[in-house]
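For ligands, and for the atoms within them, numbers begin at 1 and follow the listed sequence. What you see is a predicted model; the values in this text were computed from it and never measured.
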Amino acid sequence: MIVPHDPLYVTRPTLPPRDDIEDLLKKIWDSRFLTNRGPLLQRFETELERYLDVPHVSIVANATLGCMVALRSLGIDQGEVITPAFSFVATAHAARWVGFDLVFADIDPVTLNLDPKDVERRITPRTRAIFPVHCYANPCDVEALAEIGARHNIPVIYDGAHCFGAVDEGGSLLRHGDLSVVSFHATKVFSTFEGGAIISHDAKTKQLIDRLCNYGIVDETQIEALGLNAKMSELHAALGLAQLPYVASDIEKRAGVSQRYWDQMSGIPGVTCVCPPNRAGLNYYSFPILVGQQYPMSRDILYQKLQDVGVHARKYFYPLLADLPMYSDVSPGGLDNARRASEQVLCLPLYPDLASTDQDRIIACICDPCG
Ligand SMILES: *Cc1c(COP(=O)(O)O)cnc(C)c1O
């Protein structure tokens with residue numbers, strides 16, 4: 001009898017030891033402070049500001065709400081937002097949910113991040129924000145985007161959902177832009193099960209953001225803005241505090257897994273690794289490959305071959321956002337690189353405790369898909 005392997009998923013969250021959260025839970029039970037910027041949330045914000053070395057952190061219930069609040073904090077809800085056609089659906093949905101018209105721009109074929117030249121071509125008098133994504137925590141061309149934003153007087157707000165712990169020469173990727181948003185979802189590098197944060201650069205903006213996350217309430221009798229509820233509970237903040245001491249070693253383990261993929265797959269004709277692990281500062285969030293013409297089969301057939309041996313790779317990001325039914329009114333023209341990426345990309349399982357024997361199964365299938 002053939003013994004089937006356990007299925008391998010694209011990600012598997014790490015969790016802190018249960019003991020590590022017991023003390024924090026006791027604090028919650030003792031204080032009966034369950035949410036609304038409680039003591040654990042405030043401590044978590046301070047620890048994140050220190051860990052990420054960014055000026056101001058506003059913790060939110062999830063990054064989708066974080067993106068909505070960040071865009072809404074511009075004080076406008078009409079006009080156009082330029083965003084990549086190649087991203088997770090939350091990026092586009094957040095902008096549309098706030099009320100903006102979407103303008104999809106193309107991506108760079110190597111980094112798979114927003115192409116600044118194409119952004120500039122798509123600017124109109126109605127453009128209100130540039131909303132790029134650091135895809136797989138590969139840094140965007142932040143200088144070009146900042147320069148374009150400054151020249152046209154348009155804010156740049158980053159969807160940095162993937163970027164926890166990713167750095168460039170100057171520090172955290174999350175310091176770029178007028179605002180950045182990071183996700184603490186279960187599938188990301190650092191998790192509070194559900195959660196996220198908005199990074200801002202001055203105390204006044206942080207205050208505005210914190211109020212927008214709490215219905216726009218200023219005090220008992222004053223409500224200054226059309227806010228919503230984007231608050232994180234004390235329970236989720238406790239999970240974050242307990243998880244934070246482990247994230248650096250998790251990233252190190254991810255680096256080892258990425259390196260192993262790279263060492264054994266970078267020579268396969270038709271397979272391009274999007275995040276070569278030799279670049280400093282990666283957080284190894286994901287291991288996307290592009291399955292090109294020279295590979296013996298299409299991305300979709302490889303995806304199925306992997307499924308057949310219990311390996312659940314994911315087509316992040318497919319379909320192209322411009323092809324989704326709710327965006328059929330957005331012109332899909334000039335998005336060739338984004339379209340090609342969405343047709344060729346496949347994210348392989350990557351998580352800190354992926355066993356090397358399991359990884360070898362994945363690599364073997366890609367090296368010899370007909371075997
Ligand atoms: C995960 C993700 C989000 C949404 O994050 P949540 O915290 O799950 O709301 C937004 N943008 C991108 C690019 C993502 O990958």
Side-chain angles (χ1 to χ4, degrees), residues 9-13 44 48 57-72 81-98 100 102 104-105 107 111-114 129-140 156-166 173-174 176-177 179-199 209 213 228-233 236-237 239-240 243 254 274-275 282-288 314-322 324 327 338 341-342 345-347 350-351:
Y9 297 102
V10 75
T11 185
R12 185 166 181 270
F44 186 26
L48 285 174
V57 166
S58 297
I59 293 172
V60 290
N62 60 65
T64 307
L65 284 167
C67 288
M68 288 168 56
V69 167
L71 289 164
R72 182 75 211 192
V81 167
I82 301 177
T83 193
F86 181 77
S87 181
F88 183 54
V89 66
T91 313
H93 278 7
R96 175 59 73 85
W97 197 268
V98 175
F100 290 109
L102 294 186
F104 290 124
I107 56 171
T111 65
L112 308 190
N113 282 327
L114 203 49
I130 301 170
F131 189 31
V133 180
H134 300 289
C135 216
Y136 320 114
N138 256 339
C140 285
V156 181
I157 295 182
Y158 281 100
D159 178 343
H162 302 169
C163 292
F164 196 96
L173 292 191
L174 296 166
H176 294 295
L179 296 169
S180 282
V181 181
V182 62
S183 172
F184 306 152
H185 184 257
T187 55
K188 306 296 203 274
V189 166
F190 171 76
S191 149
T192 58
F193 295 16
E194 291 275 3
I198 303 169
I199 285 74
I209 285 166
C213 291
L228 42 56
N229 181 358
K231 291 175 280 140
M232 175 182 275
S233 81
H236 292 84
L239 291 165
Q243 186 89 312
R254 286 173 174 275
V274 180
C275 303
L282 284 177
N283 65 358
Y284 312 96
Y285 161 60
S286 182
F287 202 90
R314 293 296 296 267
K315 303 173 195 178
Y316 289 142
F317 300 100
Y318 176 87
L320 194 70
L321 296 177
L324 296 178
Y327 300 123
S342 80
V345 75
L346 198 59
C347 288
L350 170 55
Y351 42 89

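Across Lys188, Glu194, His185, Met68, heavy-atom proximity to atom 1 (C) of ligand 1 is greatest for Lys188. Residue nearest to atom 11 (N) of ligand 1, selected from Thr187, Asp159, Thr64: Asp159 (by heavy-atom distance).
Ligand 1 lies out of reach of Gly196, whose nearest heavy atom is not under 4.0 Å from it. Distances shorter than 4.0 angstrom occur between a heavy atom of Gly195 and an atom of ligand 1.
The ring pair (Phe, Tyr, Trp, His ring centres under 6.0 Å) test with Phe86 singles out one residue from Phe317, Phe104, Tyr318, Tyr316, and that residue is Phe317.
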With side-chain hydrogen bond (donor to acceptor under 3.5 Å, both in side chains) as the test, would you mind laying out the steps for His185 and Ser183 before giving the verdict?
-> CA-CA 6 Å; His185 184 257; Ser183 172; 5.5 Å; no

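Here the closest heavy-atom approach between residue Leu173 and residue Ala137 is recorded as CD1-O, 3.5 Å. Scanning all heavy atoms of the two residues, the minimum distance from Asn283 to Arg254 falls at O-CD, 3.6 Å.
Every atom of ligand 1 with a heavy atom of Phe88 under 4.0 Å away is listed here by number and element: 2 (C), 3 (C), 12 (C), 13 (C), 14 (C), 15 (O). Listed by number with element, the atoms of ligand 1 under 4.0 Å from a non-hydrogen atom of Thr91 are 11 (N), 13 (C). Interface of Ser87 with ligand 1, defined as ligand atoms under 4.0 Å from a residue heavy atom, comprises 13 (C). Within the listing of ligand 1, atoms 3 (C), 4 (C), 10 (C) sit less than 4.0 angstrom from a heavy atom of Ala90.
In this structure, CD on Glu194 lies 11.5 Å from CG on Leu239, to the nearest 0.5 angstrom.
Here Tyr158 and His134 bring their ring centres to under 6.0 angstrom of each other.
Regarding atom 15 (O) of ligand 1, its nearest protein heavy-atom neighbour is His162 NE2, 2.6 Å. Nearest protein neighbour of atom 12 (C) of ligand 1, counting heavy atoms only, is Ala161 CB, 3.4 Å.
Between the side chains of Asn138 and Thr111, no donor-acceptor pair of N or O atoms lies under 3.5 Å.
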